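Step one of this worksheet: look at the structure below.
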Amino acid sequence: MSFENIYWGDIGAALGQTLAMVGGALLLTVIVGLPLGILLFLTGRQQLFQAPVAYGGLSFVLNIIRSVPFIILLIVLMPVTVIVTGTSLGIRGVIFPLVVGTAPFFARLVETALREVDRGVIEASLAMGASTRQTILRAVLPEALPSLLAAVTVTAIVLVDYTAMSGAIGGGGLGDLAIRYGYHRFQTEIMLVCVAILIVFVQLIQASGNRLVAHFSRK
């Protein structure tokens with residue numbers, strides 16, 4: 001095994017693709033998952049808009065999506081992905097299934113974070129005449145911010161894992177490079193470099209998330 005024949009240009013390009021997939025998918029996941037999590041919280045038991053039927057139906061749908069292994073979800077969603085994005089390959093073809101796979105997961109984390117907010121904060125806000133919207137935006141979400149940042153951090157790490165899996169169907173990025181060269185062509189050194197980069201990437205995400213959580217927790 002020699003590291004002299006590693007295609008560093010290809011690895012750099014693959015890293016850029018992974019960063020683009022994780023960044024794009026994380027942004028869309030937060031945009032989709034945050035409202036879903038808030039809706040789960042509001043319609044849950046003993047909450048402001050308690051609605052067992054609505055909560056149960058939404059929970060059922062989200063749990064179904066979460067139950068499907070991501071590699072299978074990628075394949076199942078291929079026809080829909082082609083309709084939505086025009087392709088099932090590359091960055092554009094992977095973003096959609098990444099969001100579908102992680103938004104339910106993030107929504108559950110958001111629900112849990114909001115449930116941890118002291119009930120007294122909500123009651124005090126309502127007692128001062130705030131509407132439900134104002135209570136959520138100005139009281140509950142700021143109070144839950146450290147937990148929400150932790151949820152974003154965990155979701156970002158999950159997305160790194162998922163982008164690596166997407167390489168199995170030509171999704172691009174480090175996972176695709178590791179599979180094409182490290183597995184199919186038996187170039188183990190390339191696979192090891194890709195794995196090492198992914199490990200460092202995850203460590204950086206976790207460290208950054210921890211810093212943000214600590215910073216806003218002190219506030």
Side-chain angles (χ1 to χ4, degrees), residues 21-70 72-74 76-77 80 95-128 130-163 165 202 205-206 208-219:
M21 286 188 286
V22 171
L26 182 61
L27 176 61
L28 292 174
T29 295
V30 171
I31 291 174
V32 175
L34 183 60
L36 286 175
I38 294 173
L39 185 59
L40 283 169
F41 168 71
L42 289 175
T43 57
R45 185 180 179 186
Q46 296 181 344
Q47 299 303 332
L48 297 176
F49 293 143
Q50 179 174 320
V53 175
Y55 179 83
L58 182 57
S59 293
F60 180 72
V61 173
L62 295 182
N63 288 340
I64 287 177
I65 298 174
R66 292 175 60 202
S67 300
V68 181
F70 183 68
I72 297 176
L73 188 66
L74 274 171
V76 170
L77 286 177
V80 182
I95 294 291
F96 176 72
L98 282 174
V99 174
V100 172
T102 53
F105 172 76
F106 181 67
R108 283 298 189 186
L109 294 180
V110 170
E111 179 193 11
T112 301
L114 299 185
R115 284 183 180 276
E116 292 175 354
V117 174
D118 190 342
R119 182 73 184 181
V121 172
I122 299 175
E123 293 174 352
S125 178
L126 294 173
M128 288 187 291
S131 65
T132 301
R133 180 174 176 273
Q134 291 172 327
T135 298
I136 293 296
L137 294 179
R138 299 181 183 180
V140 178
L141 289 179
E143 191 72 17
L145 185 57
S147 296
L148 292 174
L149 290 172
V152 172
T153 302
V154 173
T155 304
I157 292 173
V158 170
L159 280 169
V160 174
D161 294 339
Y162 283 1
T163 57
M165 290 184 206
V202 168
I205 292 174
Q206 187 66 65
S208 301
N210 289 345
R211 277 174 160 261
L212 286 172
V213 171
H215 174 74
F216 286 100
S217 293
R218 286 195 295 268
K219 289 187 175 183

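Residue numbers count from 1 along this sequence. None of these values were measured; they are calculated from a predicted model.
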To the nearest 0.5 Å, what is the distance between [atom1] ([X]) and [atom2] ([Y])?
{"X": "Asp161", "Y": "Thr163", "atom1": "CG", "atom2": "OG1", "value": "7.5 Å"}
{"X": "Leu137", "Y": "Ser131", "atom1": "CG", "atom2": "OG", "value": "8.0 Å"}
{"X": "Leu73", "Y": "Arg66", "atom1": "CG", "atom2": "CZ", "value": "13.0 Å"}
{"X": "Leu141", "Y": "Thr135", "atom1": "CG", "atom2": "OG1", "value": "10.5 Å"}

Results of side-chain hydrogen bond (donor to acceptor under 3.5 Å, both in side chains) for Arg133 - residues two or more places apart only
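In terms of side-chain hydrogen bond (donor to acceptor under 3.5 Å, both in side chains), with neighbours along the sequence ignored, Arg133 is linked to no residue.
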Got a sec, which residues hit side-chain hydrogen bond (donor to acceptor under 3.5 Å, both in side chains) with Asn210, two or more places apart in sequence or on another chain?
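Asn210 satisfies side-chain hydrogen bond (donor to acceptor under 3.5 Å, both in side chains) with Gln206 once adjacent residues are dropped.
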side-chain contact (heavy atoms from CB on, under 4.5 Å) for Leu28 and Ile95? Distances and angles first, verdict last.
CA-CA 9 Å; Leu28 292 174; Ile95 294 291; 3.6 Å; yes
Which residues share a salt bridge (charged side-chain N to carboxylate O under 4.0 Å, His left out) with Arg119, sequence neighbours left out:
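With sequence neighbours excluded, Arg119 shows a salt bridge (charged side-chain N to carboxylate O under 4.0 Å, His left out) to Glu123, given in chain and number order.
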Tell me every residue that passes salt bridge (charged side-chain N to carboxylate O under 4.0 Å, His left out) with Glu116, counting only those two or more places apart in sequence or in another chain.
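For Glu116 there are no salt bridge (charged side-chain N to carboxylate O under 4.0 Å, His left out) partners, ignoring immediate neighbours.
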Taking all non-hydrogen atoms of both residues, which atom of Ala156 and which atom of Ile205 are closest, and how far apart?
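So the minimum-distance heavy-atom pair works out to CB-CG2, 3.9 Å.
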Mind listing the closest non-hydrogen atom pair of Ala144 and Ala113 along with its distance?
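Ala144 and Ala113 have their closest heavy atoms at CB-O, 3.9 Å.
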Worked verdict on Thr132 versus Leu42 for side-chain contact (heavy atoms from CB on, under 4.5 Å)
CA-CA 9 Å; Thr132 301; Leu42 289 175; 4.3 Å; yes
Name the atoms and distances for all side-chain donor-acceptor pairs under 3.5 Å in residues 99-112, with sequence neighbours left out.
unit_1	atom_1	unit_2	atom_2	d
Thr102	OG1	Thr29	OG1	2.8
Thr102	OG1	Leu98	O	2.7
Arg108	NH1	Glu111	OE1	2.9
Arg108	NH2	Ser59	OG	3.1
Arg108	NH2	Asn63	OD1	3.4
Glu111	OE2	Tyr55	OH	2.7
Glu111	OE2	Arg115	NE	3.2
Glu111	OE2	Arg115	NH2	3.2
Thr112	OG1	Arg108	O	3.0

List in chain and number order the residues that pass ring pair (Phe, Tyr, Trp, His ring centres under 6.0 Å) with Phe41, two or more places apart in sequence or in another chain; answer none if no residue qualifies.
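Phe41: no ring pair (Phe, Tyr, Trp, His ring centres under 6.0 Å) contacts found.
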Are any non-hydrogen side-chain atoms of Tyr162 and Leu74 less than 4.5 angstrom apart?
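With C-beta onward as the side chain, the pair stays apart.
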Donor-acceptor under 3.5 Å (Ser125 side chain, Val121 main chain):
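Judged by distance alone, no pair lies under 3.5 Å.
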